[in-house]
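Everything on this sheet refers to the single structure shown next.
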Amino acid sequence: MVATTLAAALAQAVGVDFEIPDGGETIPLSGFAVVTGFFSVVGIVIAVALLRWSARPAARFGWAAVSLTAISLVPPLLSGANTATTAALLGLHLVPATVMIPTLARSLRTRTD
């Protein structure tokens with residue numbers, strides 16, 4: 001959550017407005033923290049479920065997490081936001097994925113070895 005919020009703050013500092021045309025609202029920094037926290041918890045729940053019910057939890061988690069991350073890249077592309085906002089949102093989807101996926105996958109490998 002911290003890494004994503006800091007990256008969003010940095011993007012704002014260099015001029016990204018995070019304005020979504022449908023309604024003209026701007027995404028607040030706290031919104032990035034809340035959404036990242038929520039979906040991180042979703043990822044943890046998926047990891048715990050796979051640890052409980054899968055013979056290969058780390059591998060299955062990796063495939064699921066990468067697939068869900070790829071799907072998460074679609075909404076920014078469809079948002080109608082300007083190029084800078086769209087690019088920043090795409091990057092901000094990859095920041096928590098870069099942190100959470102390897103951490104949880106490594107944790108699952110450690111617990112099953």
Side-chain angles (χ1 to χ4, degrees):
M1 289 172 31
V2 171
T4 303
T5 306
L6 286 175
L10 179 61
Q12 274 188 335
V14 297
V16 177
D17 60 15
F18 292 116
E19 184 177 317
I20 305 302
D22 191 23
E25 294 190 25
T26 300
I27 302 169
L29 286 178
S30 61
F32 293 104
V34 169
V35 172
T36 300
F38 174 78
F39 283 106
S40 294
V41 169
V42 169
I44 292 167
V45 169
I46 291 169
V48 168
L50 289 170
L51 184 61
R52 171 89 167 97
W53 291 298
S54 175
R56 297 178 31 217
R60 301 229 190 276
F61 176 78
W63 282 106
V66 170
S67 298
L68 292 170
T69 300
I71 291 168
S72 82
L73 298 176
V74 174
L77 295 171
L78 301 177
S79 70
N82 64 42
T83 304
T85 298
T86 300
L89 289 172
L90 291 171
L92 290 171
H93 278 81
L94 298 176
V95 169
T98 303
V99 173
M100 292 298 292
I101 294 171
T103 302
L104 288 172
R106 190 175 19 243
S107 172
L108 292 171
R109 278 193 296 275
T110 302
R111 293 183 186 275
T112 57
D113 289 344

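Values below: all heavy atoms of this structure, side chains included; hydrogens, waters and symmetry mates excluded.
We find the CG-CG distance between Leu89 and Leu94 to be 11.0 Å, quoted to the nearest 0.5 Å. Distance check: Arg106 CZ to Ile101 CD1 gives 12.0 Å after rounding to the nearest 0.5 Å. Between Arg52 atom CZ and Leu50 atom CG the span is 12.5 Å, to the nearest 0.5 Å. Distance check, rounded to the nearest 0.5 Å: CD1 of Ile20 to OG1 of Thr85 gives 6.5 Å.
Contact between Gly80 and Pro21 at its shortest, heavy atoms only, is O-CG, 2.9 Å. When all heavy atoms of Ala97 and Pro102 are compared, the closest pair comes out as O-CD, 3.5 Å. Contact between Pro76 and Leu90 at its shortest, heavy atoms only, is CB-CD2, 4.0 Å. In plain terms, the two heavy atoms of Leu73 and His93 that are nearest each other are CD2-CB, 3.6 Å. Smallest separation of non-hydrogen atoms from Ala8 and Phe18: O-CE1, 3.5 Å. Across all non-hydrogen atoms, the minimal contact from Ala7 to Val95 is CB-CG2, 4.4 Å.
Annotation: side chain of Asn82 is not in contact with side chain of Val16 (no heavy-atom distance under 4.5 Å).
A donor-acceptor contact shorter than 3.5 Å is absent between the side chain of Thr86 and the backbone of Thr83.
Cluster membership for Leu92 and Val99, using ILVMFWY side-chain heavy atoms within less than 4.5 angstrom, is not shared.
For the side-chain hydrogen bond (donor to acceptor under 3.5 Å, both in side chains) test, no residue two or more places apart in sequence or in another chain qualifies with Thr69.
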When the side chains of residues 24-48 are checked against the rest of the protein, which donor-acceptor pairs come out under 3.5 Å, sequence neighbours left out?
{"unit_1": "Thr36", "atom_1": "OG1", "unit_2": "Phe32", "atom_2": "O", "d": "2.7"}
{"unit_1": "Ser40", "atom_1": "OG", "unit_2": "Thr36", "atom_2": "O", "d": "2.8"}

